[in-house]
Protein chains: 2
Amino acid sequence: MGDAVDAVMDAWRRERPDVDIWPVGVVGRIQRLARLLEAEIQDFFRRYGLDNSEADVLTTLRRSGEPYELTPGRLVKASMVTSGAITKRIDRMVAKNLVERVPDAVDRRTVRIRLTLHGRQTIDDLFALHIANETRLLQALDRDQADGLANTLRTLLQSLGDTSLT
Amino acid sequence: MGDAVDAVMDAWRRERPDVDIWPVGVVGRIQRLARLLEAEIQDFFRRYGLDNSEADVLTTLRRSGEPYELTPGRLVKASMVTSGAITKRIDRMVAKNLVERVPDAVDRRTVRIRLTLHGRQTIDDLFALHIANETRLLQALDRDQADGLANTLRTLLQSLGDTSLT
DNA sequence: TATCGGTATCTTACCAAGAAGAGGAATGAA
DNA sequence: TTCATTCCTCTTCTTGGTAAGATACCGATA
């Protein structure tokens with residue numbers, strides 16, 4: 001009848017009836033869903049020789065528009081990982097010819113990370129399929145439910161300070 | 001006005017107007033929220049000398065009820081990490097005197113992971129505070145919104161096969 | 001204009017944690 | 001007894017975090 005989180009909540013109500021554990025129903029489900037969705041999306045990209053971290057960088061660069069290049073600092077802000085992790089991601093992706101490092105003529109502290117033609121083609125070929133896959137993962141929701149869910153989640157994100165990528 | 005995911009979606013509508021990217025509004029927000037919430041919860045437990053992985057094991061054992069012991073296999077199912085990760089978690093927690101390994105007289109392949117008195121007291125002392133912290137993280141939602149959110153997320157989880165922990 | 005301290009940006013080195021998969025002991029069924 | 005299965009552990013690999021380092025820029029001051 002219920003999901004895994006219902007089982008967790010039932011156990012807590014038995015063991016700690018003194019605590020109202022309603023937040024678990026939200027926080028626990030968000031965390032479990034994030035893991036399940038990430039695993040599914042990982043499976044999808046792996047079929048095409050990519051992993052989530054690479055897809056993350058490719059999509060961020062692609063949606064930034066021409067000329068498909070951003071500094072590592074911008075990638076850090078978009079990715080929710082640290083600068084050291086981004087440096088290593090870029091190293092791996094350069095080795096796979098997905099991106100290239102281009103010196104910045106104006107500010108020599110920075111580098112521009114640019115999609116290669118191969119990287120551009122890879123993400124452009126995959127993007128519609130990726131969205132179709134996410135659509136499949138959400139097929140249990142009708143459009144109204146999905147909209148309501150997105151709105152409630154936006155409220156939560158904003159309250160936690162997740163206002164912008166810049 | 002919007003959150004970070006709105007910015008992502010705007011960019012995609014500009015760059016790939018041929019693709020209806022509505023699922024991003026749900027999947028992207030679940031993933032960002034999971035990271036933000038995990039970081040907040042990590043901060044909370046770190047103040048008391050624990051990390052998320054330890055708190056995960058402590059809460060799983062505690063809510064299982066007397067005598068507060070489970071096999072590593074059960075912990076694997078509850079935790080969404082691999083068996084090797086659980087072995088290492090237990091090693092660390094034994095070193096911190098939070099749990100102990102108790103041989104199983106019936107089936108000598110298995111071990112019972114049991115809360116020590118210190119582990120039991122640690123999680124019992126922290127649990128109400130932990131729930132209060134989660135309540136704070138969700139304070140942007142009123143109770144109806146939270147209930148609706150939990151229900152929609154349950155629908156999603158069940159559709160993805162997350163039916164039980166056993 | 002030259003210089004100096006502070007700041008910004010990326011990279012590097014080291015460490016912690018989990019994934020993947022092999023290994024080994026114990027169980028149970030034929 | 002034998003052999004497949006179950007269960008935990010161990011080893012190796014990958015990834016990310018942390019913190020320090022290197023280089024470049026900038027602004028104030030003389």
Side-chain angles (χ1 to χ4, degrees), chain A residues 31-32 34-36 38-43 45-46 49-58 60-61 69-96 98-114 166, chain B residues 31 34-36 38-43 45-46 49-57 60-61 69-96 98-114 166:
Chain A
Q31 294 187 140
R32 281 190 86 83
R35 292 202 188 220
L36 291 172
E38 185 174 14
E40 291 276 356
I41 293 168
Q42 186 107 297
D43 286 347
F45 281 117
R46 193 161 286 171
L50 296 176
D51 67 18
N52 271 347
S53 70
E54 292 162 348
D56 182 34
V57 173
L58 290 180
T60 303
L61 289 170
E69 58 181 38
L70 293 170
T71 63
R74 294 291 302 273
L75 292 172
V76 166
K77 282 170 191 151
S79 68
M80 304 182 90
V81 298
T82 61
S83 58
I86 287 295
T87 294
K88 287 196 284 193
R89 280 187 185 181
I90 295 167
D91 288 345
R92 279 176 255 140
M93 294 177 72
V94 167
K96 291 178 73 172
L98 291 167
V99 300
E100 56 191 342
R101 283 187 167 92
V102 181
D104 185 321
V106 177
D107 184 340
R108 277 177 302 169
R109 288 172 304 183
T110 73
V111 187
R112 302 200 163 275
I113 310 304
R114 182 190 294 166
T166 48
Chain B
Q31 293 184 335
R35 292 200 188 222
L36 291 173
E38 185 174 13
E40 292 276 356
I41 293 167
Q42 187 107 297
D43 286 347
F45 281 116
R46 194 161 285 170
L50 295 176
D51 67 19
N52 270 347
S53 70
E54 292 163 347
D56 182 35
V57 173
T60 303
L61 289 171
E69 57 182 36
L70 293 171
T71 63
R74 294 291 303 273
L75 291 172
V76 167
K77 282 169 190 152
S79 69
M80 304 181 91
V81 298
T82 61
S83 58
I86 288 294
T87 294
K88 288 205 290 186
R89 281 187 185 182
I90 295 167
D91 288 345
R92 279 176 256 142
M93 294 178 73
V94 167
K96 292 178 72 173
L98 291 166
V99 301
E100 56 191 342
R101 283 187 167 92
V102 181
D104 185 321
V106 177
D107 185 341
R108 277 179 301 172
R109 289 172 303 182
T110 73
V111 187
R112 301 202 164 273
I113 311 303
R114 182 190 293 166
T166 49

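The sequence lines fix the lettering, A, B, ..., with proteins before strands; numbering per chain opens at 1. Predicted model only: the values in this text are computed from it and were never measured.
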Run the salt-bridge test on B:Arg112 and B:Asp107 with the 4.0 Å N-O cut-off and return the result as yes or no.
->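 No, no charged N to carboxylate O under 4.0 Å.
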
Just to verify, what does [X] make a side chain to side chain contact (heavy atoms under 4.5 Å, CB included) with, not counting sequence neighbours?
| X | answer |
| --- | --- |
| B:Arg108 | none |
| A:Arg114 | A:Glu69, A:Glu100, A:Val102 |
| B:Thr82 | B:Ala85 |
| A:Ser53 | A:Asp51, A:Arg89, A:Arg92 |

Which whole-number value in Å describes the distance from [X] [atom1] to [N] [atom2]?
| X | N | atom1 | atom2 | result |
| --- | --- | --- | --- | --- |
| B:Phe45 | C:dA17 | CZ | P | 16 Å |
| A:Asn52 | C:dA19 | CG | P | 13 Å |
| A:Met93 | D:dT15 | CE | C1' | 15 Å |
| B:Ile90 | D:dC10 | CD1 | P | 11 Å |
| B:Arg74 | D:dT6 | CZ | C1' | 16 Å |
| A:Glu38 | D:dG16 | CD | C1' | 13 Å |
| B:Ile113 | D:dT9 | CD1 | P | 6 Å |
| A:Arg112 | C:dT9 | CZ | P | 12 Å |

For every nucleotide of nucleotides 20-30 of chain C, 5' to 3': is a protein heavy atom under 4.0 Å from its base (B), only from its sugar-phosphate (S), or from neither (-)?
-> ------BS---

Distance-minimising heavy-atom pair for [X] and [Y]:
| X | Y | result |
| --- | --- | --- |
| B:Ile113 | B:Leu61 | O-CD2, 3.4 Å |
| B:Val76 | B:Ser83 | CG2-CA, 3.6 Å |
| B:Asp104 | B:Val106 | OD1-N, 2.7 Å |

With a 4.5 Å limit on heavy-atom distance, are the side chains of A:Arg35 and B:Val81 in contact?
->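 In short, these two side chains touch, coming nearer than 4.5 Å.
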
So what does A:Thr110 hit on the nucleic acid, given a heavy-atom distance under 4.0 Å: a base, only sugar-phosphate, or nothing?
->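 Touches sugar-phosphate only.
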
Nearest to side-chain heavy atoms of A:Arg89, which nucleotide of C:dT11, D:dC8, D:dG16 =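 Comparing C:dT11, D:dC8, D:dG16 against the side chain of A:Arg89, the answer is D:dG16.
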
Could you say whether A:Glu54 or B:Thr71 is positioned toward the 5' end of DNA chain D, judged by the nucleotide with the nearest heavy atom to each?
->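 The residue whose closest nucleotide sits nearer the 5' end is B:Thr71.
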
For nucleotides 12-14 of chain D, give me every protein contact, N/O to N/O, under 3.5 Å, one pair per line with atom names.
none

